[in-house]
Amino acid sequence: MSTIERFHVEQRFSDMAVFGNTIYLAGQVPSDGIHDIKGQTADVLKTIDRLLTEGGGSKQSILMATVYLADMADYAGMNEAWDAWVPAGNAPPRAAVEAKLAKPEWRVEIVVVAARI
């Protein structure tokens, strides 16, 4: 039987859980709200890279991503950063929706499920 591994556990959540060969990331948000949508997205994707590596995966092993945008007007800017980050031929299934985020300065939050490779 597999055990659940939790990473960077805080009072309310952990950044990542691994069960078997599946990695689940919590919603990742920008480290600060000073950048535009492209900068915030790049910041979040950098964090996702770090966590996936720590959990035994990579951006190539993403099974599903959900992108939450504070405003769908930011969709094109988010996609600029996303397209520069996603490896050619390895774009994962993805959904992008508009949502009210926890802090008004945040423009994007991304949730990822990936395979441990």
Side-chain angles (χ1 to χ4, degrees):
M1 180 173 203
S2 295
T3 59
I4 299 171
E5 299 173 68
R6 299 186 195 282
F7 296 74
H8 312 285
V9 179
E10 298 182 20
Q11 180 181 351
R12 291 193 177 98
F13 65 90
S14 56
D15 282 337
M16 177 174 52
V18 177
F19 181 72
N21 288 324
T22 307
I23 303 166
Y24 302 88
L25 268 57
Q28 299 302 310
V29 295
S31 56
D32 60 54
I34 62 171
H35 299 288
D36 64 8
I37 186 62
K38 190 173 176 183
Q40 286 193 22
T41 303
D43 182 41
V44 170
L45 295 173
K46 182 177 176 183
T47 300
I48 289 170
D49 275 334
R50 178 182 53 77
L51 288 169
L52 288 176
T53 298
E54 185 178 358
S58 70
K59 60 185 165 188
Q60 290 86 350
S61 71
I62 294 175
L63 300 171
M64 179 66 188
T66 304
V67 179
Y68 298 94
L69 294 169
D71 187 337
M72 285 306 286
D74 287 336
Y75 186 71
M78 177 276 297
N79 273 330
E80 285 184 51
W82 179 271
D83 292 345
W85 177 75
V86 171
N90 261 319
R94 187 190 89 177
V97 298
E98 184 175 275
K100 186 172 184 175
L101 302 181
K103 291 187 178 181
E105 63 270 22
W106 290 344
R107 309 298 305 151
V108 63
E109 181 169 349
I110 302 175
V111 177
V112 167
V113 176
R116 185 180 245 180
I117 51 174

- [ ] Look at the side-chain heavy atoms of Ile, Leu, Val, Met, Phe, Trp and Tyr, link any pair under 4.5 Å apart, and say whether Ile37 and Leu45 land in one connected group.
- [x] yes
Task: Rounded distance [0.5 Å steps], CD1 in Ile48 versus CH2 in Trp85 - done: 5.5 Å
Open item on the list: Looking at every heavy atom in both Ser61 and Ile117, which two are closest together, and how far apart are they?
Closed with: CB-CG2, 3.8 Å
- [ ] Would you kindly confirm whether Met16 and Phe19 end up in one hydrophobic cluster when ILVMFWY residues are joined by side chain heavy atoms under 4.5 Å apart?
- [x] no
Open item on the list: Can you confirm whether more than 12 heavy atoms, excluding those of Arg6, are under 6.0 Å from its CZ atom?
Closed with: no
Open item on the list: Can you give me the closest heavy-atom contact between Ala42 and Ala81, atom names plus distance?
Closed with: N-CB, 4.0 Å
Open item on the list: To the closest 0.5 Å, what do you measure between CE (Met64) and CZ (Arg94)?
Closed with: 9.5 Å
Less than 3.5 Å apart, which donor and acceptor atoms pair up between the side chains of residues 98-110 and the rest of the protein, not counting sequence neighbours?
from, atom 1, to, atom 2, distance (Å)
Glu98, OE1, Met72, N, 2.9
Arg107, NE, Asp74, OD2, 2.9
Arg107, NH2, Asp74, OD2, 2.8

Open item on the list: Would a single hydrophobic cluster contain both Tyr68 and Val113, if residues Ile, Leu, Val, Met, Phe, Trp and Tyr are joined by side-chain heavy-atom contacts under 4.5 Å?
Closed with: no
- [ ] Go through the steps for His35 and Asp43 under the test side chain to side chain contact (heavy atoms under 4.5 Å, CB included), then give the verdict.
- [x] CA-CA 9 Å; His35 299 288; Asp43 182 41; 5.7 Å; no
Open item on the list: Is there a side chain to side chain contact (heavy atoms under 4.5 Å, CB included) between Lys59 and Asn90? Walk through the geometry before answering.
Closed with: CA-CA 8 Å; Lys59 60 185 165 188; Asn90 261 319; over 6 Å; no
Open item on the list: Tell me the closest heavy-atom pair linking Gln28 and Asp15, and the distance in Å.
Closed with: NE2-O, 3.6 Å
- [ ] Taking all non-hydrogen atoms of both residues into account, name the closest pair between Val111 and Gly27 and its distance.
- [x] CG2-CA, 3.6 Å
Task: ILVMFWY network linking Phe7 to Val29, side-chain heavy atoms under 4.5 angstrom - done: no
- [ ] Could you pull out the closest heavy-atom pair between Ile62 and Ala114, with the gap in Å?
- [x] CA-CB, 3.8 Å
Open item on the list: So, taking the atom named CG in Asp83 and the one named CE in Met78, what distance separates them when rounded to the nearest 0.5 Å?
Closed with: 8.5 Å
Task: Close side-chain approach of Ser58 and Leu52, heavy atoms under 4.5 Å - done: no
Open item on the list: Hydrophobic clusters here meaning ILVMFWY residues chained together by side-chain heavy-atom distances under 4.5 Å, can you tell me if Val9 and Leu25 are in one?
Closed with: no
Task: Least distance between heavy atoms, Gly55 atom then Arg116 atom - done: O-NE, 2.8 Å
